[in-house]
Amino acid sequence: MQLLDGKATSEQLKQEIADQVAAIKAAGGKAPHLAAVLVGSDGGSMTYVNNKVLACKRCGFDSTLLTYPDTITEAELLAVVAKLNQDPAIDGFIVQVPLPKHIDEEKITLAIDPRKDVDGFHPENLGRMLLGLPTYISATPNGIMELLKRNQIETAGKHCVVVGRSHIVGSPMSVLMARNTNPGNATVTLVHSRTPNMQEICQSADILIVAIGKPLFITADMVKNGAVVIDVGTTRVPDASDPKGFKLRGDVDFDKVKDKCSFITPVPGGVGPMTIASLMQNTLLARDFNQRKK
Ligand code: NAP
């Protein structure tokens with residue numbers, strides 16, 4: 001078994017981005033600028049947003065963190081989005097999800113200018129991805145593609161099973177793996193909570209990508225010998241022995257599955273850091289796009 005070290009791979013990617021940004025600045029150009037909108041005080045969301053701000057620093061980007069209490073109204077948040085859409089200093093921005101129940105996430109996503117939607121969640125960007133047109137590909141699936149590519153994992157002609165069909169992970173992941181690209185060119189099966197013969201399908205996977213948010217769901221008897229296993233799941237599981245009071249758990253029972261795999265991602269340290277590095281890639285793209293407009 002070989003560990004797919006997302007932390008190391010993401011550091012390499014961020015260094016490459018930092019080098020490009022240093023060259024831009026040395027030539028008198030403007031650094032990319034990412035804004036992040038955080039609503040409420042959910043611990044997980046605060047950590048994710050803080051890590052994104054830290055990654056901006058690491059890459060030489062400017063960043064702006066806008067925080068609002070969870071009492072903000074939908075209309076007020078839409079006004080924040082409209083202002084960011086218009087702000088020429090901001091190349092791209094994200095609105096961290098989940099949002100409080102009284103705010104319609106779909107409405108917020110639709111209000112973001114697709115040209116600044118570095119999360120790649122806007123329907124226009126998802127549609128462009130489906131058609132293989134240049135776009136911001138959602139950070140998590142894009143990060144997984146980069147991880148496969150940089151670790152020279154062969155995907156062409158392989159059977160890839162994606163578990164979970166969310167708009168931000170499972171569905172775009174299945175599209176990217178089926179595309180005529182490298183990585184890609186896989187034969188893809190997408191399974192979800194209504195799939196009756198999960199075990200049998202997962203067992204037939206050369207590449208198994210799991211994004212369901214159910215800790216330790218994938219057990220050794222669901223994994224083929226020699227499979228590549230990518231674990232997207234990150235759930236906070238209470239753990240009194242940990243100073244933070246919880247441990248992050250993936251969807252794969254890592255300890256029992258690892259010896260059957262050719263490659264496997266750990267949690268933490270696998271897909272998570274790649275997602276953030278991928279957001280930095282999208283922000284650099286957004287900066288280039290904004291500069292061409294001028
Ligand atoms: P989501 O929107 O909740 O979607 C979960 C998907 O899993 C749904 O399609 C659901 O099927 C499916 N599912 C649930 N239980 C299942 C079961 N028993 N068997 C088969 N399929 C099942 O989740 P998400 O946003 O994609 O996130 C999934 C996990 O990835 C979460 O732990 C999240 O925290 C993590 N995540 C990590 C990163 C990262 O950077 N590491 C990024 C994004 C998400 P139905 O559609 O049939 O309900």
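All ligand and atom numbering here is 1-based and tracks the order in the structure.
Distances shorter than 4.0 angstrom occur between a heavy atom of Phe217 and an atom of ligand 1. Under a 4.0 angstrom heavy-atom cut-off, Ala211 registers as being in contact with ligand 1.
Val232 O, 3.7 Å is the protein heavy atom nearest to atom 36 (N) of ligand 1. Closest to atom 24 (P) of ligand 1 among all protein heavy atoms lies Ser166 OG, 3.7 Å. Protein heavy atom in closest approach to atom 11 (O) of ligand 1: Ser193 N, 3.5 Å. The single protein non-hydrogen atom nearest to atom 7 (O) of ligand 1 is Ile212 CG2, 3.2 Å, given as residue, atom name and distance. Looking only at protein heavy atoms, the nearest one to atom 44 (C) of ligand 1 is Val169 CG2, 3.9 Å. From the protein, the heavy atom lying nearest to atom 8 (C) of ligand 1 is Arg165 N, 4.0 Å.
Distance remark: protein heavy atom not present below 4.0 angstrom from atom 27 (O) of ligand 1. Within 4.0 Å of atom 19 (N) of ligand 1, at least one protein heavy atom is present.
Counting non-hydrogen atoms of other residues, nucleotides and ligands closer than 6.0 Å to NZ of Lys258 gives a total above 12. Annotation: Lys25, atom NZ; neighbour count of heavy atoms from other residues, nucleotides and ligands within 6.0 Å is above 12.
Contact atoms of ligand 1 toward Gly164: 6 (C), 7 (O), 9 (O), 12 (C) (distance under 4.0 Å to a heavy atom of the residue). Numbered from 1 in the order shown, with element, the atoms of ligand 1 that lie under 4.0 Å from a heavy atom of His192 read 11 (O), 20 (C), 21 (N), 47 (O). Heavy-atom proximity to Gly272, at under 4.0 Å, picks out these atoms of ligand 1: 40 (O), 41 (N). Which parts of ligand 1 touch Gly213 is read off a 4.0 Å heavy-atom cut-off, strictly below it: atoms 28 (C), 29 (C), 31 (C), 32 (O).
An N or O contact shorter than 3.5 Å links Thr275 to ligand 1 by distance. Inclusion of Thr234 in the set of residues having an N or O under 3.5 Å from an N or O of ligand 1 is warranted.
Residue contacts with ligand 1, taken as heavy atom pairs separated by less than 4.0 Å, involve Lys214 solely via side-chain atoms from C-beta onward. Only side-chain heavy atoms of Ile168 come within less than 4.0 Å of ligand 1; its backbone N, CA, C and O stay farther off. The proximity of Thr140 to ligand 1, defined as any non-hydrogen pair under 4.0 Å, is limited to the side chain.
Salt bridge Arg150/Glu146: present, at least one basic N to carboxylate O contact under 4.0 Å. Electrostatic pairing of Asp242 and Lys244 counts as a salt bridge here, judged by a charged N lying under 4.0 Å from a carboxylate O. Between Lys30 and Asp91 there is a salt bridge, since a side-chain N of the basic residue sits under 4.0 Å from a carboxylate O of the acidic one.
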Which atom pairs, donor and acceptor, lie under 3.5 Å between side-chain atoms of residues 227-240 and protein residues at least two apart or in another chain?
unit_1	atom_1	unit_2	atom_2	d
Asp231	OD1	Gly233	N	3.2
Asp231	OD1	Asp251	N	2.8
Asp231	OD2	Asp251	N	3.1
Asp231	OD2	Val252	N	3.0
Arg236	NH2	Thr47	OG1	3.3
Asp239	OD1	Ser241	N	2.9
Asp239	OD1	Ser241	OG	2.5

Donor-acceptor pairs under 3.5 Å, side chain of residues 81-89 to any protein atom, not counting sequence neighbours: which ones?
unit_1	atom_1	unit_2	atom_2	d
Asn85	OD1	Asp113	N	2.9
Asn85	ND2	Ala111	O	2.9
Asp87	OD1	Ala89	N	2.9

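Checking side-chain atoms of Glu154 against main-chain N and O of Ala156 turns up a donor-acceptor pair under 3.5 Å. Panel note: side chain Thr73, backbone Glu76; a donor-acceptor pair is recorded below 3.5 Å. Although no hydrogens or angles enter the test, the distance criterion places a donor-acceptor pair under 3.5 Å between the side chain of Gln199 and the main chain of Asp221.
Residues Ala277 and Ile17 approach most closely at O-CD1, 3.9 Å, considering heavy atoms.
Looking at Thr64 and His33, their side chains do bring a donor and an acceptor atom within 3.5 Å of each other.
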